[in-house]
Asker: 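Can you read through this structure? Questions will come right after.
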There are 2 protein chains.
Amino acid sequence: MTRREEIVDVAERLLERGGPEAVTMRRLADELGIQAPSLYKHVAGKPEIEAALQQRALQRLAAALEAAPDLPSLAAAYRRWALRHPRLYEIATRLPLARERLAPGVEAAAAAPLLRVTGGDLTAARALWGLAHGLVDLELAGRFPPGADLDAVWTHAMAARVAAGPGPGVTG
Amino acid sequence: MTRREEIVDVAERLLERGGPEAVTMRRLADELGIQAPSLYKHVAGKPEIEAALQQRALQRLAAALEAAPDLPSLAAAYRRWALRHPRLYEIATRLPLARERLAPGVEAAAAAPLLRVTGGDLTAARALWGLAHGLVDLELAGRFPPGADLDAVWTHAMAARVAAGPGPGVTG
DNA sequence: CTCGTTTGGCTAACGCTGTTAGCCAAGACG
DNA sequence: CGTCTTGGCTAACAGCGTTAGCCAAACGAG
């Protein structure tokens with residue numbers, strides 16, 4: 001394991017434990033038993049670490065969605081993963097996507113499960129993504145009133161999507 | 001106009017011009033011709049300023065949605081406002097809602113237009129909100145590939161919602 | 001074996017952040 | 001007239017990301 005990977009590992013631990021503001025260069029260095037400036041021998045700066053975390057989060061999310069056979073179970077898997085890894089989910093979706101730092105194929109791999117349940121319809125997949133992301137994002141931000149029945153909301157929302165079926169762009 | 005209102009006004013200007021990281025206590029003070037510590041004579045701290053901005057953003061958003069007669073025009077108004085005021089939208093939805101600092105009625109006023117177009121169905125209104133917010137949030141974060149036809153996505157998504165109709169919770 | 005280069009640490013420092021403590025002048029008021 | 005409140009001020013602190021510059025150990029070539 002390279003020192004760089006080690007750094008990203010520690011960053012992920014710090015992120016999951018203490019949220020984004022717990023990931024500081026000095027704390028990172030502390031955990032590794034070195035001084036903060038030494039991190040720059042392995043990493044260009046904090047944005048690079050964040051991009052690495054973002055890529056890792058996308059891969060984890062994609063893996064969690066891979067096995068879902070249909071739309072309802074995909075929706076459930078999406079929500080479950082996000083609620084279990086709220087910080088990773090946040091960094092995966094809130095940060096502007098650093099496409100130039102992303103390993104090729106990562107974005108596509110994350111999109112694949114969504115595309116699969118919409119039968120390859122890009123437009124429908126994006127709408128579905130927006131729906132799932134919006135519900136999760138609002139829930140994580142504590143925006144729904146306490147006591148709101150979010151299970152019912154998800155059921156309702158996904159029923160609507162099933163009723164709509166694939167959009168006009170489907171070919172296969 | 002109290003000094004406090006003046007501070008929030010300046011904060012809003014700074015936010016819209018330079019994004020969240022442009023809103024610093026020292027810049028705020030500079031714009032007002034005073035020193036940063038003097039701000040604390042009028043305001044408890046930065047979180048209070050952010051909460052005030054959040055409240056203001058919610059009120060603006062609510063006002064922008066008020067006139068929409070039906071679901072499609074509501075969706076269009078929602079997206080239009082968010083794209084025109086991305087920083088305000090961000091602070092309105094990304095920050096955990098500081099309910100204890102919020103003037104009573106603000107949250108309800110923001111929710112009202114959504115509830116109206118779902119015929120009072122809370123579950124449907126929340127699903128609709130999740131959908132609209134998710135699409136806007138992903139678009140603002142630059143998460144859709146460049147060139148994605150987002151108009152089509154919105155049309156598709158809203159058609160699905162119309163097809164679903166009001167959920168089981170509607171009474172009047 | 002030895003010399004030069006690269007690797008990966010270090011300390012000191014800069015400019016920025018939010019925030020606190022403490023001082024002081026002007027205005028309000030009994 | 002004296003006292004209290006209001007709203008400024010300066011100095012300072014801890015923490016942030018980051019840069020510059022130094023240095024010892026490891027490595028590779030002749």
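Each chain gets a letter, A, B and so on, in the order its sequence line appears, and its residues count up from 1. The basis for the numbers below is simple: all heavy atoms, side chains too, and nothing from hydrogens, waters or symmetry mates.
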Asker: Side-chain N or O of A:R3 versus OP1/OP2 of C:dT7: is the shortest distance under 4.0 Å?
Answerer: no
Asker: Please give, in whole Å, the distance from C:dG8 C1' to A:I7 CD1?
Answerer: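 The answer, rounded to whole Å, is 11 Å.
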Asker: Taking a hydrophobic cluster as the set of Ile, Leu, Val, Met, Phe, Trp and Tyr residues connected by side-chain heavy atoms closer than 4.5 Å, whether directly or through intermediates, do A:L61 and A:L131 fall within one such cluster?
Answerer: yes
Asker: Report the C-alpha distance between A:R94 and A:D137 in whole Å, list the side-chain angles of each, state the deciding distance to 0.1 Å, and finish with yes or no for salt bridge (charged side-chain N to carboxylate O under 4.0 Å, His left out).
Answerer: CA-CA 9 Å; A:R94 265 227 227 297; A:D137 195 55; 2.9 Å; yes
Asker: Looking at A:A109 and A:A62, what are the two nearest heavy atoms and their distance?
Answerer: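 Where A:A109 meets A:A62 most closely, the heavy atoms are O-CB, 3.8 Å.
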Asker: Name the closest nucleotide to the A:T24 side chain, picking from D:dG17, D:dG7, C:dC10.
Answerer: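 Comparing D:dG17, D:dG7, C:dC10 against the side chain of A:T24, the answer is D:dG17.
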Asker: Would you check if the side chain of A:E12 reaches a backbone N or O of A:V8 as a donor-acceptor pair within less than 3.5 Å?
Answerer: no
Asker: List the atom pairs, with distances to 0.1 Å, where a side-chain N or O of residues 19-33 of chain B and a protein N or O form a donor-acceptor pair under 3.5 Å, not counting sequence neighbours.
Answerer:
from, atom 1, to, atom 2, distance (Å)
B:T24, OG1, B:R27, N, 3.1
B:R27, NE, B:A22, O, 3.0
B:E31, OE1, B:R13, NH2, 2.9

Asker: What's the closest nucleotide to the A:I34 side chain, out of C:dG18, C:dC10, D:dG8?
Answerer: C:dC10
Asker: Tell me what B:V23 touches on the nucleic acid: a base, only sugar-phosphate, or nothing, going by heavy atoms under 4.0 Å.
Answerer: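 Here B:V23 touches the backbone only, sparing every base.
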Asker: Distance check needed: D:dC16 P versus A:Q35 CD, whole Å only.
Answerer: 13 Å
Asker: Could you work out which one of C:dG8, D:dT18, D:dC9 sits closest to the side chain of A:H42?
Answerer: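 So the nucleotide nearest the side chain must be C:dG8.
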Asker: Which residues pass the side-chain contact (heavy atoms from CB on, under 4.5 Å) test with A:A68, not counting sequence neighbours?
Answerer: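 Partners of A:A68 by the side-chain contact (heavy atoms from CB on, under 4.5 Å) criterion, ordered by chain and then number, come out as A:S73, A:L74.
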Asker: Check this for me, if you would: do A:R79 and A:E139 make a salt bridge, where the nitrogen-to-carboxylate-oxygen distance has to be below 4.0 angstrom?
Answerer: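 The answer is yes: the pair qualifies as a salt bridge.
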Asker: Using only heavy-atom distances, decide whether a donor-acceptor pair under 3.5 angstrom links the side-chain of B:R26 to the base of C:dG18.
Answerer: yes
Asker: Provide, to the nearest angstrom, the distance between the OH atom belonging to A:Y40 and the P atom belonging to D:dA20.
Answerer: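 Going from A:Y40 (OH) to D:dA20 (P), I get 12 Å.
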Asker: Between B:E48 (CD) and C:dG18 (P), how many Å, whole number?
Answerer: 15 Å
Asker: Rounded to the Å, how far apart are A:I49 CD1 and D:dT18 C1'?
Answerer: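 Those two atoms, CD1 and C1', are 12 Å apart.
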Asker: Nearest-Å distance, NZ (A:K41) to C1' (C:dT6)?
Answerer: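 Rounded to the whole Å, the gap is 10 Å.
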Asker: Tell me whether the side-chain N/O atoms of A:R27 come closer than 4.0 Å to OP1 or OP2 in D:dG15.
Answerer: no
Asker: For A:D30 and C:dC10, give me the distance from atom CG to atom P, rounded to whole Å.
Answerer: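 For the pair A:D30 CG and C:dC10 P, the rounded distance is 10 Å.
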Asker: Kindly say whether, by distance alone, the side chain of B:K46 makes a donor-acceptor pair under 3.5 Å with the base of C:dG18?
Answerer: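 Under the 3.5 Å cut-off, the side chain and the base do not form any donor-acceptor pair.
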Asker: Using heavy atoms and a sub-4.0 Å distance, could you list which residues of residues 90-97 of chain A are near DNA chain C? By number, please.
Answerer: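 Correct list: empty, so none.
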Asker: I want to verify a distance call: between D:dT19, D:dC9, C:dG9, whose nearest atom is closest to the A:P37 side chain?
Answerer: D:dT19
Asker: How many whole angstroms separate atom CE of A:M25 from atom C1' of C:dG15?
Answerer: 17 Å
